[in-house]
Trainee: 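Here's a structure for you.
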Amino acid sequence: MKSEGSGRILIVDDEQQIRRFLRISLASQGYGVLEAENGKQALAMVYTQAPDVVLLDLGLPDMGGHEVLQGIREHSTVPVIVVSVRDREEEKVFSLDNGANDYVTKPFGIQELLARIRAVLRLAQKARGEQTSSYYVSQGLVIDLDLRRVTLQQEDVHLTRKEFAVLARLCRYAGRVVTQTQLLKEIWGPTHVDDTHYLRIVISRLRQKLGDDPQTPTLLQTEAGVGYRLLVETALRPETLRPET
């Protein structure tokens, strides 16, 4: 398993200055760097060089960035961070719904980008080395999906069916943004993808029940106009709590 600060990053951008800036910044942190200036080169490198993360610009000269993303997802689960000047919510939602792991708007701070790279690498490493977890913790919070049990400071937290469904879905993508569209479609059904007020109500109740400050949430974070991110860690279930088989 690669440690943080190692691995190869594929930069897909047609601007040479951007590629140079990223190459120097990433190399200084110990990453290997691959570069592609168009979509066809990017797809070829994903298939032949097996990068650990792809930084994908959407404005490429030969094909759309979303087309490149689709081509990557047909053959690979490599983490993809979109890095684009397009800052409209619709662009972010569409990219995340169609396979991007994260979205960073240009201009960006290099330290933020490096932190996001480390985050997607950690998630990818866990996915390779572990089976899908069903036990999550964050300070005094414990979420056991198998037992459908949530405790806070060792006290049971009673959730409605919809509240638990939203929490479970966010757990499955812990640390990643899950879009509003994805949550509404999977939990309420495809006819409710525009009923965002349903989701806001559930998120508000979850924050209240899980002890997360709605003004400055640290557990259940909002990506404005895009979706939600749950900051929990996977853990081994104590033997005494393992469900009977």
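Residue numbers start at 1 and run along the sequence shown. In this text the structure is predicted, and so the values were computed from the model without any measurement.
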Trainee: Applying salt bridge (Lys or Arg N to Asp or Glu O under 4.0 Å), can you list everything that pairs with Glu15, at least two apart in sequence or on another chain?
Mentor: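 For Glu15, no residue satisfies salt bridge (Lys or Arg N to Asp or Glu O under 4.0 Å) once neighbours in sequence are set aside.
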
Trainee: Filter on ring pair (Phe, Tyr, Trp, His ring centres under 6.0 Å), then keep only pairs touching residues 137-180, sequence neighbours left out; what's left?
Mentor: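 The answer is none; no pair qualifies.
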
Trainee: If you link I, L, V, M, F, W and Y whenever their side-chain heavy atoms are under 4.5 Å apart, who else ends up in the same group as Tyr103?
Mentor: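 Grouped by the 4.5 Å side-chain rule, Leu58, Val82 form the rest of the cluster around Tyr103.
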
Trainee: Check which hydrophobic residues are tied to Ile201 through side-chain heavy-atom contacts below 4.5 Å, counting indirect links as well, and list them.
Mentor: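 Grouped by the 4.5 Å side-chain rule, Ile201 forms a cluster of one, so the answer is none.
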
Trainee: Apply the hydrophobic cluster definition, ILVMFWY joined by side-chain contacts under 4.5 Å directly or through others, and give me every member besides Leu231.
Mentor: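 Under the 4.5 Å side-chain rule, Leu231 groups with nothing.
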
Trainee: Residues two or more places apart in sequence or in another chain: which of them pass salt bridge (Lys or Arg N to Asp or Glu O under 4.0 Å) with Arg88?
Mentor: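 Only Glu90, Glu91 meet the salt bridge (Lys or Arg N to Asp or Glu O under 4.0 Å) criterion with Arg88.
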
Trainee: Who pairs with Lys106 by salt bridge (Lys or Arg N to Asp or Glu O under 4.0 Å), at least two apart in sequence or on another chain?
Mentor: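 Salt bridge (Lys or Arg N to Asp or Glu O under 4.0 Å) list for Lys106, sorted by chain: Asp13, Asp57.
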
Trainee: Can you list the other members of the hydrophobic cluster that holds Leu60, where links are side-chain heavy atoms under 4.5 angstrom apart?
Mentor: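 Leu60 shares its hydrophobic cluster with Leu10, Val12, Leu34, Leu43, Met45, Val46, Tyr47, Val54, Leu56, Met63, Val68, Leu69, Ile72, Val78, Val80.
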
Trainee: Could you name each residue pair satisfying side chain to side chain donor-acceptor pair (under 3.5 Å) that touches residues 71-86, not counting sequence neighbours?
Mentor: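 Matches after skipping sequence neighbours: Arg73-Asn101.
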
Trainee: Could you give all pairs that pass the side chain to side chain donor-acceptor pair (under 3.5 Å) test and reach residues 33-44, with sequence neighbours left out?
Mentor: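 Applying side chain to side chain donor-acceptor pair (under 3.5 Å) to every pair that reaches into residues 33-44, excluding sequence neighbours, yields Arg19-Glu35, Arg23-Glu35.
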
Trainee: Mind checking salt bridge (Lys or Arg N to Asp or Glu O under 4.0 Å) for Glu112 and listing every partner two or more places apart, or none if nothing turns up?
Mentor: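 Per chain and number, Glu112 pairs via salt bridge (Lys or Arg N to Asp or Glu O under 4.0 Å) with Arg116.
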
Trainee: Among all residues two or more places apart in sequence or in another chain, which pass the ring pair (Phe, Tyr, Trp, His ring centres under 6.0 Å) test with Phe94?
Mentor: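 His66.
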
